[in-house]
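Report on one structure; see the data block that follows.
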Amino acid sequence: MASLPPVVVGNTVKLDSEFKKLSSPSSLPFEKKNYSTKELDKGFDSFSLEFREALSLIREGNIKLESSSYVPLLQECIEKKSVSRVESIHAHIIKTGFTEELFLMTLLVNVYAKCGIMRSARTLFDNLPQRNVVTWTSLMSGYVQNSRPELAISVFKEMLQVGGYPTNYTLGIVLNACTSLSDVEFGKQIHGYIIKYDIAYDASIGNALCSLYSKCRSLDMATKAFWRIKEKNVISWTALISACGDNGNSEMGLDVFIQMLVEGVEPNEITLTSVLSLCCTMRAMDVGSQVHSLSIKLGHGFDIPVTNSIMYLYLKSGCINEAKKLFDGMNSVNLVTWNAMIAGYAEMIILAKDGVSAYLCGIEALKIFERMNRSDLKPDFYTYSSVLTICSSLVALEQGEQIHAQTIKTGFLSDMVVGTALVNMYNKCGSIDRSSKAFIEMSTRTLISWTTMITAFAQHGHSQQALQLFEDMRFVEVRPNKITFVGVLSACSQAGMVDQALAYYDMMKTDYKINPVMDHLACLIDMFVRLAGRWKDVSRVRKMMRDEKVDKITDWSWINIKNKVYAFKFGNKKHQSDEVGKILKDLVEKARPLGYQVDETNLEMVDEEKEEATALADAPHSERLAVAFGLINTSKEAQIRVIKSTGMCRDCHNFMKVVSILTSRSIIVRDSKRLHQFYRGQCSCKDFGGFV
DNA sequence: CTAGGGTTAG
């Protein structure tokens, strides 16, 4: 950065004459139109009373019209984010001839930027006969705010090229652009420049440096940047609190917040949102409620982001009723509110104590999604990723397909996260073909996309494809992580590829320096148990589980037919006499000649287990009931998709294989461990189901 | 004129 010119703080820069040649002025967008007063008035209909009164005073000449007369009017445009109002006022300014006022033009650039129309801001800027550093800075700030940080930096370079001098404000904005771009290198050069030219280390620079270093995962540097600020403002404190949260140190964030209160700095709604986000990470319901009360006390109780955060905290902590109350009480909501509700219910699927409530949470989330679709706010990529994931949990293929169509229509499928969620959804719903099609159609893939697809192939027993894909991923130089290796090892394990598994295990530790976790070891152990066939050990583990009184999860299964959920519980006697029971008995009879019997040749069962197995005919495991119900209530060729709260047992697994032959149906059972797709007497898990 | 925040995928 040695080529940067020296800095004069607060200097107004005269552009050199060369620059005027560089930008060829074209006409202002409003110049050619000949506005009549009537037309102007029409544009003002929606303005506030004060605004219209002020304007008529100006028009009638009752107050002396100065460039500053427009300031409050333009401020109202920012508040209301009203594009039409800015354009009307701009037209008015052109008519009254105040376009020569640099201050007013600069403000106008700002207002256009704040209203999100950078094209007009840029056109206006390009046609100005003169600019000062504030004009340049305003344009840059507009680009940062409108998610075009790269343009902010190019404007900055343009400014330096024509001999402009940046101020500390300008440099703060450039640093923020670097933060958005994660361009730490350029950010550090700017920092070096600030030190070299001894630029005043004020809040605009300190805050920006704090965020920059937070973004590049250096909480230490961010903290130092904060403490160097002599006159810390509320934004400085907020920046540090967010930095703590972003770098996984929520406890420190809370400490900083307390310190801020002790120093008598009043938090604003953004501070409160950041603090609530920390509470959410920590699941700190107690602190969260206090912050909630504080928010109300400080008059931010109706702030949408604040309410969204507290709502999300409730949802993450399992307080669904409180969250719902909050949601119902909001007089206005935004997209994030809907997304938080949907993602929150998705979270409840994981938190739920039993399978029924988990399933109902998923259904509830899809209902909220439907309500959202009917509202005036439309789903975005956050929404689509969440609902696709919910469809995965519910094995809700039909809903998933509809959402797939919706993502194509709205263009959100091009989002990598949505694409990955779609790959996962088709996989979890048992369609590996459509899963891999969705993967192939992705224009860009992330580590998670690759991992999802590899895991999908492994889950479906396509070990070769899983491993091939892993090599493809390495070829395009995407670095695998520990979850990728879980997929890879389970692929090897299922195919019985002992040597390869060990080689990949070694690769993980040596080449990628990834420490093994339980899941990796479990894959290896599974593999050895399978090739050696040490079923006696399996029995022993089961006995241990009983003796240790390991809580048994209730065995529930659900089936979703025409958007209605039907739940079945193990041991429900009611089905002994109804149609479900009848069809089950019938199937068991027909299954015998095909080699199915309640007899475990592989397992050396203890008596208790034998009894349990024999009793199955009278008290069938829940998935049998759900599958039987599905057979009765769906069309002849339809695929049956069942979700089960616990792991399948070997006996039911054998039974389902035979049922898939007898009925010529494809049957999917998603148990707590994996997905089983039964078709023509085979299961996609290749009998490697980790049966308990 | 400047600055800070909440919600998605394995």
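Chain letters run A, B, ... following the sequence lines, proteins first, then strands; residues in each count from 1.
- If you check every strand for non-hydrogen atoms under 4.0 Å, A:Ala340 touches nothing.
- Across all strands, A:Gln459 comes closer than 4.0 Å to no nucleic acid atom at all (heavy-atom distances).
- Using a 4.0 Å heavy-atom criterion, one finds that A:Lys114 contacts the sugar-phosphate atoms exclusively.
- Rounded to an integer number of Å, the gap from CG of A:Asp380 to P of B:dA9 is 13 Å.
- Relative to the side chain of A:Ile235, the nucleotides B:dA3, B:dT8, B:dG10 differ in distance, and B:dA3 lies closest.
- Atom pair A:Lys378:NZ and B:dT8:P shows a separation of 21 Å (rounding to whole Å applied).
- A salt bridge links A:Arg474 to A:Glu471: at least one charged side-chain nitrogen sits closer than 4.0 Å to a carboxylate oxygen.
- Side-chain nitrogen and oxygen atoms of A:Ser141 include at least one within less than 4.0 Å of the OP1 or OP2 phosphate oxygen of B:dA3.
- A:Asn308 comes within 4.0 angstrom of a base, heavy atoms only.
- Here B:dA9 is the nucleotide among B:dC1, B:dG6, B:dA9 with the atom lying nearest to any side-chain atom of A:Ala421.
- Side-chain atoms of A:Ile173 lie closest to B:dT2 of the nucleotides B:dA9, B:dT7, B:dT2.
- Atom CD1 of A:Ile310 is separated from atom P of B:dG5 by 19 Å (rounded to the nearest Å).
- Using a 4.0 Å heavy-atom distance criterion, A:Thr273 is classed as a base contact.
- Side-chain atoms of A:Val336 lie closest to B:dG6 of the nucleotides B:dG10, B:dC1, B:dG6.
- A donor-acceptor pair under 3.5 Å is absent between the side-chain atoms of A:Glu269 and the main chain of A:Val306, judged by distance alone.
- Atom P of nucleotide B:dC1 and atom CG of A:Leu171 are separated by 19 Å, given to the nearest angstrom.
- Contact record, A:Val133 with A:Thr170: CG2-OG1, 3.7 Å, taken as the closest heavy-atom pair.
- Nucleic acid contact for A:Asp303: base, since at least one base atom lies under 4.0 Å from a heavy atom of the residue.
- The side chain of A:Ile483 lies closest to B:dG10 when the candidates are B:dA3, B:dG10, B:dG6.
- B:dA3 atom C1' lies 16 Å from atom NZ of A:Lys215, rounded to whole Å.
- Looking at heavy-atom distances under 4.0 Å, A:Thr446 makes contact with a base.
- Here the P atom of nucleotide B:dG5 and the CG atom of A:Leu240 are 12 Å apart, to the nearest Å.
- Which of B:dT8, B:dT2, B:dG10 sits closest to the side chain of A:Ile448 comes down to B:dG10.
- The base of B:dG10 sits within donor-acceptor range of the side chain of A:Asn481, with an N or O pair under 3.5 Å.
- Going from atom CE of A:Met442 over to atom P of B:dA9 covers 14 Å, rounded to whole Å.
- Within 4.0 Å (heavy atoms only), A:Ser277 reaches sugar-phosphate atoms of the nucleic acid but no base atom.
- B:dG5 atom P lies 12 Å from atom CG of A:Leu278, rounded to whole Å.
- The pair A:Arg434-A:Glu401 counts as a salt bridge, with a side-chain nitrogen and a carboxylate oxygen less than 4.0 angstrom apart.
- The listed nucleotides are B:dG5, B:dT2, B:dC1; the one nearest the side chain of A:Ser242 is B:dG5.
- The nucleotide whose nearest atom lies closest to any side-chain atom of A:Asn110 is, among B:dG6, B:dT2, B:dT8, B:dT2.
- At the heavy-atom level, A:Thr137 lies nowhere under 4.0 Å from the strands shown.
- Both geometric conditions, a ring-centre gap below 5.5 Å and a plane tilt below 30°, are not fulfilled together for A:Tyr382 over the base of B:dT8.
- Using a distance-only test at 3.5 Å, with no hydrogens or angles considered, a donor-acceptor pair links the side chain of A:Asp202 to the main chain of A:Ile205.
- Residue contacts for A:Asn424: at a heavy-atom cut-off of 4.0 Å it reaches the sugar-phosphate backbone alone, with no base atom in range.
- Under a 4.0 Å N-O distance rule, the pair A:Arg122/A:Glu158 qualifies as a salt bridge.
- Comparing B:dA9, B:dT8, B:dG6 by their nearest atom to the side chain of A:Ser386 picks out B:dT8.
- At the heavy-atom level, A:Thr389 lies under 4.0 Å from the strands shown only through sugar-phosphate atoms.
- Which of B:dA9, B:dG6, B:dT7 sits closest to the side chain of A:Tyr312 comes down to B:dT7.
- With salt bridges taken as basic N to acidic carboxylate O contacts below 4.0 Å, one links A:Glu347 and A:Arg283.
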